[in-house]
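One-based numbering, in listed order, for ligands and for the atoms of each. Scope of the values below: all heavy atoms of this structure, side chains included, with no hydrogens, waters or symmetry mates.
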Amino acid sequence: MHFQQAPPTLGNQYHDDRVLRSYLARVLPRDMLRETEESLAEMGRLAGADLYELQLADRLNEPILTQWDAWGNRIDKIELTALWRLAERIAAEHGVVATAYEQKHGSHSRVHQCALAYLFTPSTDIYSCPLAMTDGAARTLLDSGNQMLIDRAVPHLITRDPNEFWTAGQWMTELTGGSDVGLSETIAKEDAGGFRLYGRKWFTSAATSQIALTLARPEGNPPGGRGLALFYIETRDEQGRPRNIEINRLKDKLGTRKVPTAELTLAGTPAQLVKGTTDGVRNITPLLNITRLWNGISAVALMRRGLALTSDYAHKRVAFGAPLSEKPLHRDTLAGLQAEAEAAFHLAFFVAELTGRSETGEITDDEALLLRLLTPVMKLTTGKQAVMVASEVLETFGGAGYVEDTGLPVLLRDSQVLPIWEGTTNVLALDALRALRSGESLRQFELTVTRCLESVHDPRLTDAARIARSALDHATSWLAETDRPGQPSVEAGARRFSLTLGRTMELALLIKHAQWSLDHECDGRSPINARRFAHSGVDLVGTGFQDLQDMQD
Ligand code: MFK
């Protein structure tokens, strides 16, 4: 009998997720937890069974763009993969966007929705991309106060009826670049009763959406982000033909290959203003902040998927006389990854909690400042962690992790987009500095960390708490020393500073949860992970400024 390797398998992804279940038990009132659990268990079942099976079976299929029909007509039709078509229906029926807007559980509805998205994401080939933009578009339209567009579009974006469900695109990036959006060249010409847009959009994710929010410069407006306006587009006419939109090609990307990311030409596309004729960048930021939240939730979801697969495999794969799960070095490797994932989880879901409070108007001014700072900090921190964890997960499988038909390499390729789209690590580090300019936000950050650490009374957590405190003190003193007018030092150190803030907050939140878990669940696993994470490099501030000066000299 020859040796056969057993593949990793998944169970119910809700029932098997200690971290998610323990977190929800802490933050949701008991009745609310009971009410939400059925939906989460059903999504966990789908994610571990039907959707995962289809994902493996559908592995080689990709979206197909057909630009012309047999008779020479331009049709620009995109055919989606089988899993994407199913994912759209399941997302609508299970309220993966709607749950946040139905607000059955007040501000906790956002946590419930993020938990659904977290379970749904790893089994649906980044269908989270159109959902994130749909969610962000709903939020942006609601915030805009444009009642006509709210009445027209929002009911479709937040419905549970798959036949009525619309997704939204976020068409920002042009050839001038995805970061400095103020350089956008698309022109808006006033037309009877509206505008027509002319220009090229260079990265438009999920180009099959029914609507899109985009930026264009009304003729005569000044350069820069303030001269842009935010526009609403309905992408296709009643016959399903693009409305003066040419799909030039689909991008040939490293990962997210099921996402139909297109290059478009807007050739007189009818569009409506969302909110005034200027300040497009500012007006689209509610969308950015929601998609950044989704980015973080997707990061922790992909980390969790990698760990679920490799933990299962470790019990099956025998080498050197024992299952990998009994090998101290393998166990130690997985323990380090689990600590990263668990810390990241608490930060991403903390931002979901604050977002929920902001949407129901319960948020205090101080919490709003904290949310403004934590959104970019969380996105940049978790994005980096997801890539590291995915890379290590592949390695835990040895050669199998490098072979396509195991379905494992896609975890790394898809994770690699997380630090890039929705603002790169560096752009978000600069955004964190922008958020700090509103004065009090760093103080709110410090207070939040302090409150988390004050809850600690178990001696197993005191060393980790000391490390969090020390990283925080170093980050704040570094900022005070370097943030001087005309000095490049603060910008040069922004990434190290922001990652330190992110990892410090992750540690503080994990410590707080660990203490709760000891007190209420008699569970020592979160404390172990808190200690592990504390010793995995929290303070990354370093001293790099002088090095930068030396390099330039
Ligand atoms: C799986 C997960 C789901 C992910 C879905 C992904 C699919 C989508 C794919 C894409 O579309 S990727 C493209 C995403 N693009 C970006 O994220 C843009 C990255 N660049 C930035 O974020 C820049 O920081 C920014 C474009 C905002 C800089 O532009 P400006 O014109 O230099 O901005 P400026 O002047 O600093 O800010 C304009 C106003 O917006 C200011 O307010 P005031 O006018 O009141 O002074 C800023 O304070 C405000 N602002 C900027 N960012 C903000 C914000 N306000 C709130 N939140 C923010 N994040």
Side-chain angles (χ1 to χ4, degrees), residues 96 114 117-118 120-122 124-137 139-140 143 167-174 176-184 201-207 209 212-215 222-228 230 251 253 255-256 258-262 276 278-302 348 355 358 368-369 371-380 382-383 386 414-415 417-438 441 494:
V96 182
C114 283
Y118 165 86
F120 173 88
T121 291
T124 45
D125 287 345
I126 316 296
Y127 192 75
S128 50
C129 168
L131 294 182
M133 296 189 292
T134 302
D135 189 348
R139 183 76 270 143
T140 305
D143 287 359
T167 58
Q170 166 197 352
W171 297 355
M172 281 175 66
T173 303
E174 301 195 0
T176 44
S179 298
D180 191 355
V181 175
L183 295 177
S184 297
K201 297 288 172 182
W202 188 237
F203 268 92
T204 58
S205 286
S209 294
L213 296 187
T214 192
L215 298 175
R226 285 194 199 288
L228 294 168
L230 176 58
K251 294 283 194 190
K253 295 167 291 174
T256 66
K258 313 294 178 128
V259 181
T261 306
T278 58
D279 293 301
V281 169
R282 187 191 327 135
N283 292 336
I284 205 168
T285 56
L287 201 164
L288 297 184
N289 291 330
I290 290 291
T291 50
R292 286 170 186 171
L293 168 62
W294 272 81
N295 208 90
I297 297 294
S298 300
V300 293
L302 291 178
T355 302
S358 137
L369 290 172
L371 174 61
R372 175 68 186 92
L373 172 61
L374 276 187
T375 300
V377 163
M378 178 279 289
K379 192 278 188 187
L380 71 89
T382 56
D414 285 354
S415 296
V417 82
L418 297 169
I420 296 177
W421 68 8
E422 292 312 307
T424 62
T425 308
N426 284 1
V427 164
L428 290 175
L430 297 175
D431 188 49
L433 292 184
R434 192 196 274 114
L436 284 174
R437 280 189 216 117
S438 53
S441 50

Min N/O separation Gly423 to ligand 1 under 3.5 Å: yes
Where ligand 1 meets Ser298 - atom numbers and elements under 4.0 angstrom, heavy-atom basis: 1 (C), 2 (C)
Heavy atom of the protein closest to atom 39 (C) of ligand 1 (residue, atom name, distance): Arg282 CB, 3.7 Å
Protein non-hydrogen atom below 4.0 angstrom of atom 19 (C) of ligand 1 present: yes
Heavy-atom closest pair, residues Met172 and Ser184: O-OG, 4.2 Å
For atom 29 (O) of ligand 1, the protein heavy atom that lies nearest, with its residue and separation: Val281 CG1, 3.8 Å
Of the listed options Gln170, Arg226, Arg292, closest to atom 16 (C) of ligand 1 (non-hydrogen atoms): Arg292
From CG (Leu288) to CG (Leu293), nearest 0.5 Å: 12.5 Å
From Leu302 atom CG to Ile297 atom CD1, the distance as rounded to the nearest 0.5 Å: 11.5 Å
Sub-4.0 Å atoms of ligand 1 with respect to non-hydrogen atoms of Cys129: 7 (C)
Proximal ligand 1 atoms for Met133, defined as those under 4.0 Å from one of its heavy atoms: 7 (C), 8 (C)
For Thr167 against Thr134, the heavy-atom pair lying closest together: CA-OG1, 3.2 Å
Counterpart residues, salt bridge (Lys or Arg N to Asp or Glu O under 4.0 Å), relative to Asp414 (two or more places apart): none
Sequence-distant partners of Arg139, salt bridge (Lys or Arg N to Asp or Glu O under 4.0 Å), two or more places apart: Asp143, Glu359
For atom 15 (N) of ligand 1, the protein heavy atom that lies nearest, with its residue and separation: Gly178 O, 3.8 Å
Protein contact of atom 13 (C) of ligand 1 - nearest heavy atom, named by residue and atom, plus distance: Thr173 OG1, 3.7 Å
Nearest neighbour in protein (non-hydrogen) for atom 56 (C) of ligand 1: Arg372 NE, 3.3 Å
Within-cut-off N or O pair, Asn289 and ligand 1, under 3.5 Å: yes
Contact atoms of ligand 1, heavy-atom distance to Gly225 under 4.0 Å: 31 (O)
Atom 54 (C) of ligand 1: nearest protein contact (heavy atom, Å): Thr285 CG2, 3.4 Å
Numbered atoms of ligand 1 (with element) below 4.0 Å of Ser205, judged on heavy atoms: 9 (C)
Which atom of Leu380 lies closest to which atom of Ala429, heavy atoms considered: CD2-N, 3.7 Å
Gap between atom OG of Ser298 and atom CD of Glu422 - 0.5 Å precision: 10.0 Å
Distance, nearest 0.5 Å, that separates NZ of Lys379 from OG1 of Thr375: 12.0 Å
CG-OG1 distance between Leu215 and Thr173, expressed to the nearest 0.5 angstrom: 9.5 Å
Nearest-contact summary for atom 37 (O) of ligand 1 - protein heavy atom, Å: Arg434 NE, 4.2 Å
Closest to atom 21 (C) of ligand 1 (judged by heavy-atom distance), picking from Thr121, Val427, Asp431, Asn295: Val427
Nearest atoms (heavy-atom pairs only) where Ala494 meets Leu430: CB-CD2, 4.2 Å
Chi angles and distances behind the side chain to side chain contact (heavy atoms under 4.5 Å, CB included) call for Ser205, Met133: CA-CA 9 Å; Ser205 286; Met133 296 189 292; 4.0 Å; yes
Contact atoms of ligand 1, heavy-atom distance to Ala132 under 4.0 Å: 3 (C)
Nearest-neighbour protein heavy atom for atom 6 (C) of ligand 1, which is reported as residue plus atom name and distance: Glu422 OE2, 3.2 Å
From Trp294 atom CH2 to Thr355 atom OG1, the distance as rounded to the nearest 0.5 Å: 12.5 Å
Subset of ligand 1 atoms that lie under 4.0 Å from at least one heavy atom of Ser128: 1 (C)
Contact check: Ser179 vs ligand 1, nitrogen or oxygen atoms, below 3.5 angstrom: yes
